Chemist: 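One structure coming up, written as structure tokens, with questions to follow.
So that the names make sense, note that chain A is the first sequence line, chain B the second, and so on, each numbered from 1. What you see is a predicted model; the values in this text were computed from it and never measured.
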There are 2 protein chains.
Amino acid sequence: MPRSYDQYCAIARALDTVGDRWALLIVRELSAGPRRYTDLHADLPGISTDVLATRLKDLERGDVVTRRRLPGHGSALAYELTDRGRALAPVLAALAAWGTPLLAEPRAVDAVRAHWAAVPLLNLLPVAPAVLEVRLDEGAFHLRLDAAERSFADGPAPDAEARLTLDPASARALITGTATLADVLRAPGSRLEGDGPLVELLAGGALVS
Amino acid sequence: MPRSYDQYCAIARALDTVGDRWALLIVRELSAGPRRYTDLHADLPGISTDVLATRLKDLERGDVVTRRRLPGHGSALAYELTDRGRALAPVLAALAAWGTPLLAEPRAVDAVRAHWAAVPLLNLLPVAPAVLEVRLDEGAFHLRLDAAERSFADGPAPDAEARLTLDPASARALITGTATLADVLRAPGSRLEGDGPLVELLAGGALVS
DNA sequence: CGGCATCCGTGACGATACTG
DNA sequence: CAGTATCGTCACGGATGCCG
């Protein structure tokens, strides 16, 4: 059980649950879908095994995360977000928006994962009843752009009607906010495939925010 | 200088700057206006003096906080938010919204300050070109409800056109989300004074969210 | 006094090794 | 694969002291 601030304040209470080191980054990882312990450890470079185990237990007690045996795969134990955990999406979005100007240049020591671009891209893309697959050098993920369920998940999408392929420079320009999606689509190094209202909307350049 | 996660991710970068223990609570305090070191120490029960000094230095290097001599008062040194610091308001709002269900009952050990209710109330109140003074048992603060500058500050407002007085039960019901503002205004224990469009809007019961 | 710096005990963290 | 055990280090919390 982590230490409490002991303040009658909603912000302090939230930080009692998700304010510890690594906690929100674990939530970020699980926002991409259920993960096993080893996968989490691999995508959180620097976290030690005991801290990961402790955080997962704390987050479970805080009703943010559940342990579950995935159906299909022979009894694979996995962690996933609860409804309360998914309700942290606005917190992650706000942090991502604020942190964007700090991304300017990747440092030599920085780890990179494809799905870390998902939250910034969700902040950037319009609401649309569509699923967009995004392919980067580091891997693929897909975004659900419905107004009701704006989310993302790892890997290619089975039901994507559009696919966006970005080279590293385009991806970086998008994520750092130095280029709009319209800019990137005009330049070489990016490709938008598929059809449907989303593709027409994006290709049409009707992107204000 | 705090430890970095070393990840090329906007969320991780944000947490590199404001993810340390106490950091966001210091930002919360300074959201109510400039504060001196001793005031911060008094309103953050449990923080040690050296941690407060270290965080303030880190936040200064992170362009979140500035040190300044307040004009008027004989060379009183104070800390205040920079523009980047004020840009953290959506993060605090999202955390407050998520933490609201955790507030149910104040615990015996919990500290209480009047202005800690300001962010939840801002999340609750509509956009209006008005300044609302709020009086609680613990003290007073005021909210600026403009679309452009939604903010709050300590103490009574010189230019408030409305005043909302809440007894402890009403304030708790509002802050925990168990009652709407319309509910509270119908019950005894709360009083709304003043005039202008805001008062008419609130008194009229036209409060959906 | 306000604004820290220092010292010290405890607990959290990070790396590695090890176990069911 | 999914953690637990161990250990060194560092951050935190509390008290006290210094210095303008």
Chemist: Considering all heavy atoms of both residues, which atom of A:Ser190 and which atom of A:Leu185 are nearest to each other, and what is their separation?
Modeler: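 So the two residues come closest at OG-CA, 3.6 Å.
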Chemist: Can you measure A:Tyr5 atom OH to D:dC12 atom P for me and round it to whole angstrom units?
Modeler: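 To the nearest whole Å, that distance equals 9 Å.
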Chemist: Whole-Å distance between D:dA11 P and B:Asp58 CG?
Modeler: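 Rounded to the whole Å, the gap is 10 Å.
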Chemist: In whole angstrom, what separates A:Arg69's CZ from D:dA2's P?
Modeler: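 Atom-to-atom, A:Arg69 to D:dA2, this comes out as 9 Å.
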Chemist: Among A:Leu132, A:Val134, A:Leu181, find the one that has a side chain to side chain contact (heavy atoms under 4.5 Å, CB included) with A:Leu121.
Modeler: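 When side chain to side chain contact (heavy atoms under 4.5 Å, CB included) is applied between A:Leu121 and each of A:Leu132, A:Val134, A:Leu181, only A:Val134 qualifies.
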Chemist: A:Asp39 CG to D:dA2 C1': how many Å, rounded?
Modeler: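 A:Asp39 atom CG is separated from D:dA2 atom C1' by 12 Å.
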Chemist: Mind calculating the distance between OH (A:Tyr37) and P (C:dG20) to the nearest angstrom?
Modeler: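 For the pair A:Tyr37 OH and C:dG20 P, the rounded distance is 17 Å.
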Chemist: Before accepting this row, confirm whether a basic side-chain N of the pair A:Glu80/A:Arg68 lies closer than 4.0 Å to the acidic partner's carboxylate O.
Modeler: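 A salt bridge is present here (some side-chain N lies under 4.0 Å from a carboxylate O).
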Chemist: Would you say C:dG3 has OP1 or OP2 under 4.0 Å from some side-chain N or O of B:Lys57?
Modeler: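 No, B:Lys57 has no side-chain N/O under 4.0 Å of OP1/OP2 on C:dG3.
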Chemist: Do you see a donor-acceptor pair shorter than 3.5 Å between the side chains of B:Trp22 and B:Glu29?
Modeler: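 Side-chain D/A pair, B:Trp22 to B:Glu29: absent.
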Chemist: Would you find a donor on one side and an acceptor on the other, under 3.5 Å apart, between the side chain of A:His41 and the backbone of A:Leu52?
Modeler: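 Checking the backbone N and O of A:Leu52 against the side chain of A:His41, no donor-acceptor pair under 3.5 Å is found.
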Chemist: Within 45° of the six-membered ring axis of A:Trp98 and under 6.0 Å from that ring's centre, is NZ or CZ of B:Arg13 located there?
Modeler: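 Relative to the ring axis of A:Trp98, which defines the angle, B:Arg13 lies outside at least one limit.
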Chemist: Pairing donors with acceptors under 3.5 angstrom, does anything connect the side chains of B:Gln7 and A:Arg107?
Modeler: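 Side-chain D/A pair, B:Gln7 to A:Arg107: absent.
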Chemist: Rounded to the nearest angstrom, tell me the gap between atom CD1 in A:Ile26 and atom P in D:dA2.
Modeler: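 After rounding, the reported distance stands at 15 Å.
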Chemist: From CG of A:Leu52 over to P of D:dA5, roughly how many Å is that when rounded to an integer?
Modeler: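 Rounded to whole Å, this separation is 16 Å.
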Chemist: Should the pair B:Asp43-B:Arg113 be classified as a salt bridge under the 4.0 Å nitrogen-to-oxygen rule?
Modeler: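 Answer for the salt bridge query: yes.
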Chemist: Atom CG of A:Leu56 and atom P of D:dT4: how far apart are they, to the nearest Å?
Modeler: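 Going from CG in A:Leu56 over to P in D:dT4 covers 10 Å.
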Chemist: Kindly indicate, with the supporting measurements, whether the criterion side-chain contact (heavy atoms from CB on, under 4.5 Å) is fulfilled by B:Tyr5 and A:Arg21.
Modeler: CA-CA 10 Å; B:Tyr5 286 109; A:Arg21 189 163 170 77; 3.4 Å; yes
Chemist: For each nucleotide in nucleotides 9-16 of chain C, reading 5' to 3', give B when a protein heavy atom comes within less than 4.0 Å of its base, S when such contact involves only the sugar-phosphate, and - otherwise.
Modeler: ---SSBBB
Chemist: Please list, for nucleotides 18-20 of chain D, all pairs of protein and nucleotide N/O atoms separated by less than 3.5 Å.
Modeler:
none

